[in-house]
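Along the sequence shown, residues carry numbers from 1. All values reported here derive from a predicted model rather than from experimental measurement.
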Amino acid sequence: MRVNLVLSGGAARGIAHIGVIKALEELGFSIKALSGSSAGSIVAVFYSYGYAPEEMLRLVKETRWFSLFRPKIPRSGLFSLKGAERYLRELIPIERVEDLPRKVYICATDLLTARSIYFSKGELAPILLGSCALPGIFEPIKYDRYVLIDGGVMNNLPIEPFERYKTLKVGVDVNPIEKVSRVGNIVNVLIRSFFLAVRSNADSRKDLCDLVITPDIVEYSPLDVRKADRLYELGYLKTLRVMERFLKQRGL
């Protein structure tokens, strides 16, 4: 059975998306196309290019993430994404979104027009980095006539590219909101504030999905890539439960 997969943003929690894909493959689902915001767009692009779930998890664990983000004099963001761009081009030597083997829609927010843009064509690196540019944390990405920031600002579950299709639409939400006893430094404050703000725009789109998978990851920080194995496992296990129930209801 073919599915269109919609992947939310969630920073490190996006690792759970990789486990979701692994479970879908094992259950015999064929992922026809993907749409994603922020961390979800990264997983979508890497999977479309041809990385297997196990390879993506290995990359997550081996990459020195903070070495990719160069601090800069605050003007439009605390960190530059130039290092991340070089790393991305090494891992995915494809210039344009439309050249990816599997159809992908990358959701980013255009600061100039205050609109969500769903890129299925264009230069891959700046579009993908723009989709991940958390406002205040990373400097916006200038591309073509756009100034791009994180897609989750206006749409953290970008189902829109698939609305007109009959293919089963599966949304994956990895942005649960947990209570905390303290918020920590300025980066933690900015990131938590961001995810609190985008919560409602994802909830309003769940009804447009045929199925929604929400991994049980509320206790894991959006910044804690050290828990990669557990986040992967929780995405995998929740997908098995949801999709096996779906198949049983369909008599499959």
Identify whether the distance between the nearest side-chain nitrogen and carboxylate oxygen of [X] and [Y] falls below 4.0 Å.
X: R230; Y: E233; result: yes
X: R89; Y: E85; result: yes
X: D229; Y: K61; result: yes

Pairwise ring-ring contact (aromatic ring centres under 6.0 Å, His included) hits with a residue in residues 9-35, at least two apart: none
Residue of the set F162, F119, Y118 for which ring pair (Phe, Tyr, Trp, His ring centres under 6.0 Å) holds with Y105: F162
For R164, all residues meeting side chain to side chain contact (heavy atoms under 4.5 Å, CB included), sequence neighbours excluded: none
Side chain to side chain contact (heavy atoms under 4.5 Å, CB included) partners of I42, counting only residues at least two apart: F46, L128, C132
Is there a path from [X] to [Y] through hydrophobic residues (I, L, V, M, F, W, Y) whose side chains come within less than 4.5 Å of each other?
X: I31; Y: Y165; result: no
X: L5; Y: L247; result: yes
X: I159; Y: V3; result: no
X: L237; Y: L231; result: yes
X: V212; Y: M1; result: no

Sole residue of N175, L157, N156, L7 in side chain to side chain contact (heavy atoms under 4.5 Å, CB included) with S37: N156
Candidates V20, V43, I21, L24 - the one meeting side chain to side chain contact (heavy atoms under 4.5 Å, CB included) with P53: I21
Determine whether a donor-acceptor pair (N or O, by modelled atom type, separation under 3.5 Å) exists between the side chain of [X] and the backbone of [Y].
X: R13; Y: P176; value: yes
X: S38; Y: G151; value: no
X: D210; Y: K169; value: yes
X: S48; Y: A44; value: no
X: S41; Y: I106; value: no
X: D110; Y: V147; value: yes
X: T109; Y: S116; value: no
X: S8; Y: V174; value: yes
X: Y51; Y: L91; value: yes

Contacts of type side chain to side chain donor-acceptor pair (under 3.5 Å), residue R58, not counting sequence neighbours: E62
Counterpart residues, salt bridge (charged side-chain N to carboxylate O under 4.0 Å, His left out), relative to E160 (two or more places apart): R205
Heavy atoms from other residues, nucleotides or ligands near CZ of R226 exceed 12 (cutoff 6.0 Å): no
E98 CD: over 12 foreign heavy atoms closer than 6.0 Å: yes
Flag side-chain contact, heavy atom, 4.5 Å: I217 against K238: no
Residues that Y236 engages under ring pair (Phe, Tyr, Trp, His ring centres under 6.0 Å), provided they are two or more places apart: none
Y143 and Y146 aromatic ring geometry - parallel, tilted or perpendicular at 30°/60° bounds: parallel
Point-to-point distance, once rounded to the nearest 0.5 Å, from CG of L124 to CD1 of I94: 7.5 Å
